[in-house]
Amino acid sequence: MTRLLLQRVRVPGQAGACDLLVEDGRIARIESAGASSAPVDAVRLEGDGALALPGLVDAHAHLDKTLWGQPWHPHAAGPTLMDKITHEREELARRGHSSERASARILRHGLARGTTHWRTHVDVGPDIGLAHLHGVLAMREAHRDVADVQIVAFPQTGVMRAPGTLALLEQAVRDGTEVLGGLDPMGIDHDPRGQLDGLFGIAERHGSELDIHLHDRGDLGAVTVEMIAERCAALGLHGRVVLSHAFCLGMLEAARLEAIVELLLRHDIAVMSHAPSGPTPFPPLKLLHERGVRLCTGSDGVRDTWSPLNNGDMLERAYLLAYRSGWREDAGLELALHMATHAGAQVVGAPRYGLQVGCDADLVLVDAECGPEAVVMHPPRRLVLKRGRVVARDGRCVLSAIG
Ligand SMILES: [Zn+2]
């Protein structure tokens, strides 16, 4: 049995400094600092009174497409969604992009910033086939002991407008993805019935969850949510669907929003928001949380051809959620942290998540007095443990170099 004693850390909800005993990757004991009777063979690590947070959860990433670790890429894509999709395809092809290497680089960077769980959308389409997926699957296998990665097969170039995509998505599920992605059934495909019936059909055949990118605004987005809810009801997919972005929820008049919230609750549809940049509308997160809608957040694209405005730090992401939402009180800052930790873990299905006895020892130490201060300052990460193994120290990943 491997044992580790993390000495003198502060754990939210616990008075004073604590010692955490980790046995075989799980938290075995939490005791007042100095009072523990840890076995003599335990490796001791000094926490110096730092705040322990559970490992951060990036519930919406695009690990396969990042340019992280490569020379600075000045933004060059046009303004529309289709401009960005087309530009990305051309740029990645020109570079001979490797999704396996790219995803390994950004995953290790995330580990250094305290992220221990990911849900990543991976591009699947007729032009690239399953190449990105197989690259990310190989990366995931190589990092299985240091990161939990859930994969979404993502039709970035559309479903109905790119014939052959549905068959590729179904093959992706057979090859190991847990979640099926979708993309603006109206705005991109102009065929909401075709895309949604296709996706829900695959989900029904394979028991997959669904996570659908929905950028369509206003009523176009709201009608799409209604169509998704109808299919959840028909197929009994309660609690198995996530709406990513759902910009439309930030644009609806009160009565329409209320009707949509009722649908989200009835079918337990979760909402992911990363607090988009600029004037882009986004969901009223506090209202949704108070009504009981499950929420999560994610990095989305990190330094890719879509935008350079992101560094993949999930504590900074929590800060941006609070900043764009105008949250100043601790309750709002705590909600932002909750979305980047426990709430995200619930959405991505991490069963032993948290800082309690019996949970996986996935945690990050920061110099902060409390969770709200950690969000506002998003300070350097002193130590990151994944299932009790030190994966990063002082902001650097300590795993051996990528080959
Ligand atoms: Zn996305």
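First listed ligand is number 1; within each ligand, the first listed atom is number 1.
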Could I get the full list of ring pair (Phe, Tyr, Trp, His ring centres under 6.0 Å) partners for His342, not counting sequence neighbours?
Tyr353
Those residues that, when tested against His213, pass side-chain hydrogen bond (donor to acceptor under 3.5 Å, both in side chains) (two or more places apart)
His60, His62
Neighbouring protein N, O or S atoms of the Zn ion (ligand 1) [cut-off: under 2.8 Å, no waters]:
His60 NE2, His62 NE2, His213 NE2, Asp300 OD1
One should read off an interatomic distance between Leu45 CG and Asp19 CG, to the nearest 0.5 angstrom, of 11.5 Å
Which residue, Asp123, Thr120, Thr305, forms the side chain to side chain donor-acceptor pair (under 3.5 Å) with Lys65?
Asp123
Using residues 365-380 as the side-chain source, report each donor-acceptor pair under 3.5 Å to any protein atom, sequence neighbours left out, with the distance given to one decimal.
from	atom 1	to	atom 2	distance (Å)
Asp367	OD1	Arg382	NH1	2.7
Glu373	OE1	Glu369	N	2.6

Is the CZ atom of Arg161 crowded by more than 12 outside heavy atoms at less than 6.0 Å?
no
